[in-house]
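Here the structure is laid out as structure tokens; the discussion comes afterwards.
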Amino acid sequence: MPIDCTCSAIAAGEFCVYYQPRFSMKKRLNPCAAEALIRWSAQPGLSPEMFVTEMERNGHIEALTMFVAESVCQHIHNLQSSLGISPKIAINVPPALLSDKGFLARMCALIAAYDVSPELIEIEITESSIAPDILALVSSVEMLRSAGFGVALDDFGAGFSGLRYLDLIPASIIKMDRHFVSGLGKRKTCDMIVASVARMARETGMIAVAEGVETQAQLDYVAALGYNEVQGFLLGRPMPFGQFISFLAGYRARHQKAGTAQPRILLPAGC
Ligand code: G
Ligand code: MN
């Protein structure tokens with residue numbers, strides 16, 4: 001890659017974090033969480049897939065991930081103090097970094113510095129690269145869960161992990177890859193896979209999230225299968241933090257006007 005994907009670009013403030021909301025099926029599609037997504041503001045033409053892959057290769061992914069984690073903690077702190085809102089936010093972490101013993105300590109130091117509860121942070125295990133040591137990964141996930149963090153199997157069904165991860169890793173959330181969601185009603189295999197994952201999640205007590213929901217038909221389909229939450233362009237695109245604040249504030253204003261009950265995570269008592 002001709003562009004210099006290194007820590008100096010992070011230090012120069014060239015990156016920012018966008019947020020894509022996730023919605024609860026049970027609670028009339030209330031926003032219940034969001035995924036933090038890195039964007040290279042100084043290189044808008046470069047897709048995150050391209051530079052994240054390059055940084056996983058050149059060893060700068062740890063710095064990038066910790067930049068996202070710190071931004072997320074800062075933003076949660078900001079939302080708590082300015083709006084009284086405590087959103088649950090997911091961070092994408094490659095398995096090699098997650099397996100590193102120091103990762104948990106760094107996450108604990110960050111949440112302590114910004115006074116953020118671990119229950120508000122969800123670690124998504126990405127499937128873009130293979131786990132170098134599955135047992136080390138399992139042990140890291142166990143420690144993260146014991147410390148109170150949520151852990152998600154991201155892009156489930158795509159990439160490197162699949163059923164072996166499901167068997168071994170004590171995750172709390174499973175995110176059905178958007179490839180299979182996009183094939184719903186079109187390909188029998190997608191219908192079967194998306195249905196089986198809903199069932200596996202239910203039977204193992206995991207939260208099932210359908211990713212990449214772009215149409216009402218897909219939303220209806222995953223709702224009928226019992227998915228707990230949805231994420232996708234139909235309901236919300238990734239947005240900069242400023243817009244995310246307005247989205248949450250606007251949602252709260254509409255909600256209060258309607259005089260309905262307070263939703264679960266975003267609007268704690270007293271807001
Ligand atoms: O792999 P992961 O699920 O973390 O990827 C998130 C990426 O998926 C983001 O870049 C986001 O823009 C993209 N994305 C989110 N929702 C949708 C969707 O409904 N359709 C498509 N095609 N992409 C989506
Ligand atoms: Mn993800």
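In listed order, ligands and their atoms are each counted from 1.
Contacts between N92 and ligand 1, counted as non-hydrogen atom pairs separated by less than 4.0 Å, involve the side chain only. Neither the backbone nor the side chain of D177 comes within contact range of ligand 1; no heavy atom lies under 4.0 Å. Of the heavy atoms in E127, none comes closer than 4.0 Å to ligand 1.
Between the S81 side chain and the H77 main chain, a donor and an acceptor come within less than 3.5 Å of each other.
A cation-pi arrangement, defined by a distance under 6.0 Å to the six-membered ring centre and an angle within 45 degrees of its axis, is absent between R106 and F103.
Between F247 and F23, the ring planes lie perpendicular to each other; the angle is over 60°, past the 30° to 60° tilted range. Taking the six-membered ring where the residue is Trp, H75 and F241 present parallel rings, their angle staying beneath 30° rather than reaching 60°.
If you number the atoms of ligand 1 from 1 as listed, the ones under 4.0 Å from a heavy atom of G232 come out as 16 (N), 19 (O). Every atom of ligand 1 with a heavy atom of P238 under 4.0 Å away is listed here by number and element: 12 (O). Near Q20, meaning under 4.0 Å from any of its heavy atoms, are these atoms of ligand 1: 15 (C), 16 (N).
If you check which protein heavy atom lies closest to atom 6 (C) of ligand 1, you get L37 CD2, 3.8 Å. What sits closest to atom 17 (C) of ligand 1 on the protein, heavy atoms only, is F233 CE2, 3.2 Å. Among protein heavy atoms, the minimum distance from atom 2 (P) of ligand 1 is reached at D155 OD1, 3.4 Å. Of the protein's non-hydrogen atoms, R178 NH1, 3.8 Å is the one closest to atom 7 (C) of ligand 1. Distance from atom 21 (C) of ligand 1 to its nearest protein heavy atom, with residue and atom name: E214 OE2, 3.2 Å. Of the protein's non-hydrogen atoms, the one nearest atom 4 (O) of ligand 1 is E35 OE2, 2.7 Å.
Residues Y18 and V68 fall into different hydrophobic clusters, defined by Ile, Leu, Val, Met, Phe, Trp and Tyr side chains chained together at heavy-atom separations under 4.5 Å.
Summary: OE1 is the N/O/S atom of E124 found nearest to the Mn ion (ligand 2). The atom of E35 that is an N, O or S and sits closest to the Mn ion (ligand 2) is OE2.
Checked against K175 for a salt bridge (Lys or Arg N to Asp or Glu O under 4.0 Å), the options E122, E127, E124 give a single hit: E124. Paired with R22 under the rule side chain to side chain donor-acceptor pair (under 3.5 Å), one option of E35, Q231, E229 passes, and it is E229.
For residue T126, no N/O/S atom approaches the Mn ion (ligand 2) to within less than 2.8 Å. For D155, every N, O or S atom stays at 2.8 Å or more from the Mn ion (ligand 2). At least one N, O or S atom of D154, from either the backbone or the side chain, sits less than 2.8 Å from the Mn ion (ligand 2).
Distances from ligand 1 to the non-hydrogen atoms of H179 include no value under 4.0 Å. Residue-ligand proximity: E211 is placed with a non-hydrogen atom under 4.0 Å from ligand 1. Within the structure, ligand 1 lacks R237 among the residues with a heavy atom less than 4.0 angstrom away.
Side chain to side chain, Q74 and N78 fail the donor-acceptor criterion of an N or O pair below 3.5 Å.
For the atom pair CG (D154) and CD1 (I123), the distance works out to 11.5 Å, reported to the nearest 0.5 Å.
Within a 6.0 Å radius of CZ in R199, no more than 12 heavy atoms belonging to other residues, nucleotides or ligands are found.
In this view, R145 and V141, V151, S172 satisfy the side chain to side chain contact (heavy atoms under 4.5 Å, CB included) rule, not counting sequence neighbours.
Side-chain contact between S139 and K101 is present, with heavy atoms from C-beta onward closer than 4.5 Å.
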